Structure formats: structure tokens, C-alpha cells
2 protein chains.
Amino acid sequence: MDLTVAEENYLKAIYHLSDGGKKSVSTNDIAAEINTKPASVSDMLRKLGEKEVIEYRKYYGLQITETGKRYALQTIRKHRLWEVFLVEKLNFAWDEVHEVAEQLEHIQSPLLIQRLDAYLNFPKFDPHGDPIPDEFGDVRSRPRVQLNEMDVDQTGQIVAVKDSSAAFLRYLDKVGAYIGARIKVLDKVEFDGSLEILVDQKKTLFMSKDVASNILVLQS
Amino acid sequence: MDLTVAEENYLKAIYHLSDGGKKSVSTNDIAAEINTKPASVSDMLRKLGEKEVIEYRKYYGLQITETGKRYALQTIRKHRLWEVFLVEKLNFAWDEVHEVAEQLEHIQSPLLIQRLDAYLNFPKFDPHGDPIPDEFGDVRSRPRVQLNEMDVDQTGQIVAVKDSSAAFLRYLDKVGAYIGARIKVLDKVEFDGSLEILVDQKKTLFMSKDVASNILVLQS
DNA sequence: TTTCAAATTTAGGTTTGGCTAAAAATAAAT
DNA sequence: ATTTATTTTTAGCCAAACCTAAATTTGAAA
């Protein structure tokens with residue numbers, strides 16, 4: 001199911017006002033937060049209830065559902081990643097980023113966000129110091145493994161290198177592997193531990209165990 | 001006046017179909033291009049006519065106005081800059097960028113586009129080889145001057161450096177000047193040609209004529 | 001417990017951007 | 001020149017997301 005831009009904004013507001021689903025939120029509070037009239041909020045709450053991203057009982061208030069939280073966190077994640085981008089790459093001041101990020105957060109493209117995340121080096125906090133949820137909507141960071149320790153058919157994303165010498169990075173670049181690349185282990189040679197890897201579902205490449213042991217992968 | 005997303009898309013389609021305002025375009029062609037019904041197109045053409053971005057005579061066809069062209073080129077500029085970003089920075093393949101750029105092109109923020117342009121080093125072509133219009137909507141590239149040759153009160157944007165040694169770039173970074181910064185000459189010392197510069201309407205900084213002569217500015 | 005003020009919802013209206021079906025204008029063919 | 005086919009426009013509807021004004025519900029105070 002897909003949410004409209006307005007629905008995303010409501011969910012985000014509800015998530016924030018309820019402090020992540022803890023506190024209860026009033027129609028008036030939501031109206032104030034997103035600058036609309038309470039009547040419009042009532043209308044939207046009914047719709048959000050039908051889509052089951054909140055549990056809504058007229059006059060009695062609402063509760064954000066697990067599904068709803070996922071959507072809200074996804075939007076927050078995108079917002080904060082864009083903020084990092086604007087500040088670190090485009091030299092925006094920390095206080096100039098909000099309204100632009102407010103627009104950028106609604107761009108639909110999971111690939112874009114994955115790549116942006118990688119490009120920014122998987123930041124954990126935005127320029128205001130707020131934590132950036134991971135792609136599953138939580139802050140728990142999953143373990144990274146060395147590429148040479150993965151098994152055939154396992155997939156993941158290159159997130160870091162152990163040896164960050166220019167020579168090694170140039171080599172990775174040349175063969176088409178880079179921070180953020182999605183990879184899959186196609187084959188593993190028992191004899192010397194060398195690997196055949198599929199990069200971004202397109203290129204295949206071979207690498208020695210030595211090289212693989214310098215590549216850190218976030219498994220998926 | 002501000003255009004809606006739909007209006008921007010229509011204008012872009014009209015601009016493309018008319019080959020920049022040369023050929024005439026039919027209602028049916030537009031409908032086919034943007035995947036709507038001719039009836040919806042008629043409706044929109046009336047609105048675009050009222051907003052004077054096209055000249056529209058029922059049944060007789062339409063002509064994009066100069067204002068309309070400006071808007072169309074602005075959207076095309078944004079689209080192509082984002083394509084460069086996606087390919088060069090986020091490792092998108094040249095054929096994966098279109099639909100994402102189609103969304104990104106509607107983000108409203110002149111500052112964002114200025115900074116993005118600078119960040120990408122003022123590319124003249126997108127990954128498909130199509131030219132990127134400048135911020136005034138044309139391809140004519142304006143002359144760059146050395147910062148030391150500018151007069152007091154003149155403004156512009158840093159677009160390049162002559163000496164691109166790491167040391168010089170580090171220096172620029174340290175003092176808060178960078179490719180893409182908007183600057184204004186506040187004062188010029190006759191005696192030695194040194195300058196006082198306002199960067200991004202915030203920081204002021206002093207620099208020798210020697211340093212200034214290595215900074216290229218696009219005047220505005 | 002009844003009353004009343006605040007919060008919330010409903011009813012009905014607007015704009016934007018679509019749609020279908022029907023009408024009107026233009027262009028092509030006999 | 002008249003009929004026919006094509007293109008384009010109008011008329012009338014729909015959904016999303018807002019609005020105002022009028023009900024309704026809740027809960028706090030008398």
C-alpha cells in the first residue's frame with residue numbers, strides 16, 4: 001500500500017507528538033502541528049484508520065499501529081538523511097535544511113535512499129543530533145561481516161573497508177565495487193577461499209580471499 | 001507566480017514536443033506524452049493559457065510563451081542536474097535515473113539547485129549527453145572573472161580555482177570559501193589589492209590579491 | 001446531576017487534476 | 001459541396017485534501 005504525501009506528513013506528526021507511540025495525541029495538537037484545521041484532521045484520521053496505520057476511535061483518540069510506525073520512521077529516516085546530505089555535501093547551514101528536507105523526504109525510491117545512505121557513509125545522526133533510523137525503522141545497528149566470511153547465495157551491501165589505502169579504493173572502484181554496492185555471493189572456491197560476487201545484480205567479479213577480508217558487508 | 005507539479009509537467013512536455021517552441025503541438029500528442037486523456041489536456045491548456053505560459057486558441061493549437069519557456073527550461077535544468085548527481089555521486093546507471101529525476105525536478109528551492117550545480121562542478125551535459133540549461137534558461141555560458149578583478153559591491157559565485165592543489169583547497173575550506181559559495185566584495189585595499197569578502201551573506205573574510213587571483217567567480 | 005465550555009466530528013463547499021460520454025469544430029473524402 | 005472521420009472541447013463526475021459553519025460528544029464545574 002502506498003501513502004500520499006499528506007498521509008505521510010500526518011503520520012510523521014502523529015509519531016512525533018506521541019513520542020513514538022507512547023503518549024496520546026489530540027486532534028487539536030495535530031492540527032496545530034501541521035497547520036490545518038481540526039475538521040481536516042478528523043477527516044484524515046478516519047482515512048488513516050481505514051488504512052490501518054492508526055487505530056482510531058472517534059472522540060476517544062488514536063494509537064499509531066506498528067505498520068504506521070514503520071511508515072513514520074521511514075519518512076523520518078529519509079528526512080534526516082537528506083539533512084545530512086544538504087549540510088555535509090551542499091554546505092547548507094544546519095538551520096536552512098528543514099524545509100528542503102521536508103520536500104525531499106517524500107521522494108519515492110528505495111534505491112535512492114540506500115545509495116544516499118551509503119554515499120553519506122551510513123550516518124547515525126542528522127545535523128541536529130537526532131538519530132537516523134535504519135532501513136528497518138530501528139536504531140539497532142546490525143552486525144557487519146567480512147565478505148570472505150559470507151556463504152554462497154547470501155546478500156548484503158558493502159558498508160566499509162578495513163584497508164582504506166588509496167590503492168585499495170582505486171582497485172575497488174576499478175572492478176566496480178564501492179561503498180553502498182549491493183552484492184551477492186555467487187560462488188566460493190574451497191581451495192583458496194576466493195569468491196565470485198554479483199554486484200548490483202549486474203556485474204560479476206572474482207576476488208581473492210585477501211581482498212574479500214578487507215570488505216565489510218551489512219547482511220540483508 | 002508558482003506552478004503546480006502537474007503544470008510543470010505539461011509545460012515540459014509541450015516544450016519538448018514543440019522542439020523548444022518551434023513545431024506546433026496537438027492536444028492528442030500531449031495526452032500521449034504524459035499519459036492522460038485529451039479531455040484532461042484541453043482543460044489544462046485553458047489553465048496554462050490563463051497563466052500566460054502558453055498562448056492558446058481553442059481548436060487552433062498553442063504556442064509556448066517566453067515565460068513558459070523559462071519555466072520549462074528551469075524544470076529541465078533541475079531534471080538534468082539531478083541525473084548527473086544520481087549517476088556521478090550515487091552510482092546509478094544512466095538508464096535508472098529517469099523516474100527518480102522526474103520526482104526530484106519538482107523540489108522547490110533555488111538555493112538547492114545553485115548548490116547542487118556547484119557541487120557537481122557546473123556540468124554542461126547530463127549523463128545522456130543532453131545539454132543542461134543555465135539558471136537563466138540558456139546555454140550561453142557567462143564569463144568567469146578572477147576574484148581580484150572584481151569591484152567593491154559586485155556579487156557572484158565561486159565556480160572554480162586556478163590552483164587546485166590540496167593545500168589551496170584546504171585553505172579555502174578552512175576560511176569557509178568553497179566551490180559554489182555566493183560572495184560579495186565588501187572592500188578592496190588599493191595599496192596591495194587585498195580584499196574583504198562576504199561569503200554566503202554571513203562570514204566576512206580577508207584575502208590577499210594572490211589568493212584572490214586563484215579564485216574564479218561567475219558574476220551575477 | 002445537570003449545565004456548559006472545550007474538543008471533536010459532520011455536513012456541505014472549494015480547488016486541482018483526473019475521468020467518460022457527448023457535442024462541436026475541423027479536415028478529409030467522395 | 002456535402003458527408004464522414006478525426007480531433008478537440010464541453011459537460012458532468014470523482015477523489016484528495018483542504019475549508020467554514022453547524023452539530024455532537026465529552027468531561028469538568030456548579
Side-chain angles (χ1 to χ4, degrees), chain A residues 1-15 17-18 23-64 68 71-72 75 99 102-103 105-108, chain B residues 1-15 17-18 23-64 68 71-72 75 99 102-103 105-108:
Chain A
M1 180 206 32
D2 258 18
L3 300 180
T4 66
V5 168
E7 285 166 345
E8 281 185 1
N9 283 333
Y10 271 91
L11 267 186
K12 197 164 54 110
I14 291 166
Y15 183 85
L17 288 171
S18 70
K23 291 201 254 294
S24 84
V25 197
S26 79
T27 301
N28 274 345
D29 288 351
I30 298 171
E33 175 81 6
I34 64 182
N35 261 293
T36 52
K37 302 290 159 177
S40 310
V41 175
S42 283
D43 226 53
M44 182 56 97
L45 292 183
R46 189 183 42 71
K47 288 182 205 161
L48 292 177
E50 280 165 14
K51 292 204 172 183
E52 303 191 344
V53 290
I54 63 171
E55 218 179 285
Y56 175 51
R57 279 169 46 233
K58 291 195 301 192
Y59 295 104
Y60 273 82
L62 60 95
Q63 174 101 34
I64 190 164
Y71 281 112
T75 306
E99 58 171 327
E102 206 70 8
Q103 295 180 62
E105 75 188 6
H106 300 295
I107 302 291
Q108 290 319 127
Chain B
M1 179 208 29
D2 256 19
L3 299 180
T4 66
V5 168
E7 285 166 346
E8 281 184 1
N9 283 333
Y10 270 92
L11 224 43
K12 196 166 54 111
I14 290 167
Y15 183 86
L17 288 170
S18 71
K23 292 201 255 293
S24 84
V25 198
S26 79
T27 301
N28 273 346
D29 288 350
I30 298 171
E33 175 82 5
I34 64 181
N35 262 293
T36 51
K37 303 289 159 177
S40 309
V41 175
S42 284
D43 227 55
M44 183 56 95
L45 292 183
R46 187 182 44 70
K47 288 180 204 164
L48 293 177
E50 281 166 11
K51 291 203 172 183
E52 301 191 346
V53 291
I54 63 171
E55 219 178 284
Y56 175 52
R57 279 171 44 232
K58 290 195 303 194
Y59 294 106
Y60 274 82
L62 60 95
Q63 174 103 34
I64 190 163
Y71 281 112
T75 306
E99 57 170 329
E102 206 70 10
Q103 296 180 63
E105 74 188 8
H106 299 295
I107 303 291
Q108 298 306 138

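Computed from a predicted model, the values in this text were never measured in an experiment. Sequence lines set the chain letters: A, B, ... in the order given, protein chains first and strands last, and positions in each chain run from 1.
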**Request:** Give a yes/no answer on whether the side chain of A/Tyr56 brings an N or O atom under 4.0 Å of OP1 or OP2 in C/dT9.
**Result:** yes
**Request:** Ignoring backbone atoms, establish whether A/Lys58 has a side-chain N or O less than 4.0 Å from OP1 or OP2 of C/dT10.
**Result:** yes
**Asked** Could you write nucleotides 16-22 of chain C as a row of B, S and -, 5' to 3', where a protein heavy atom under 4.0 Å of any base atom gives B, of only sugar-phosphate atoms gives S, and otherwise -?
**Response** -BSBBB-
**Request:** Residues of residues 24-31 of chain B with any non-hydrogen atom less than 4.0 angstrom from an atom of DNA chain D: list those, numerically ordered, please.
**Result:** B/Ser26, B/Thr27, B/Asn28
**Message:** At a heavy-atom distance below 4.0 Å, which nucleotide of DNA chain D is the first touched by chain A, and which is the last?
**Reply:** D/dA16 to D/dT26
Separation between [atom1] of [X] and [atom2] of [Y], rounded to the nearest 0.5 Å:
X       : Y       : atom1 : atom2 : value
A/Leu48 : A/Tyr71 : CG    : OH    : 11.5 Å
A/Leu11 : A/Thr75 : CG    : OG1   : 7.5 Å
B/Lys51 : B/Leu3  : NZ    : CG    : 5.5 Å

Counting only heavy atoms not in [X] (residues, nucleotides, ligands), do more than 12 fall under 6.0 Å from its [atom1]?
X        : atom1 : answer
A/Gln108 : CD    : yes
B/Glu52  : CD    : no
B/Glu99  : CD    : no

Please tabulate, for side-chain N and O atoms in residues 27-43 of chain A, each donor-acceptor pair with protein atoms closer than 3.5 Å (sequence neighbours left out).
| unit_1 | atom_1 | unit_2 | atom_2 | d |
| --- | --- | --- | --- | --- |
| A/Asp29 | OD1 | A/Ser26 | OG | 3.3 |
| A/Asp29 | OD2 | A/Ser26 | OG | 3.3 |

**Prompt:** Whole-Å distance between C/dT9 C1' and A/Leu62 CG?
**Reply:** 14 Å
**Asked** For the pair made of OH in B/Tyr59 and P in C/dA24, what is the distance, rounded to whole Å?
**Response** 9 Å
**Fill in**
Applying salt bridge (Lys or Arg N to Asp or Glu O under 4.0 Å) to A/Glu105 and not counting sequence neighbours gives A/Lys12
**Message:** Holding to side-chain contact (heavy atoms from CB on, under 4.5 Å), I want the full list of residues that pass it with A/Thr4, two or more places apart in sequence or in another chain.
**Reply:** A/Ala6, A/Glu7
**Request:** With the side chain counted from C-beta on, respond yes when A/Ile107 and B/Ile107 share a heavy-atom pair under 4.5 Å apart, and no when they do not.
**Result:** yes
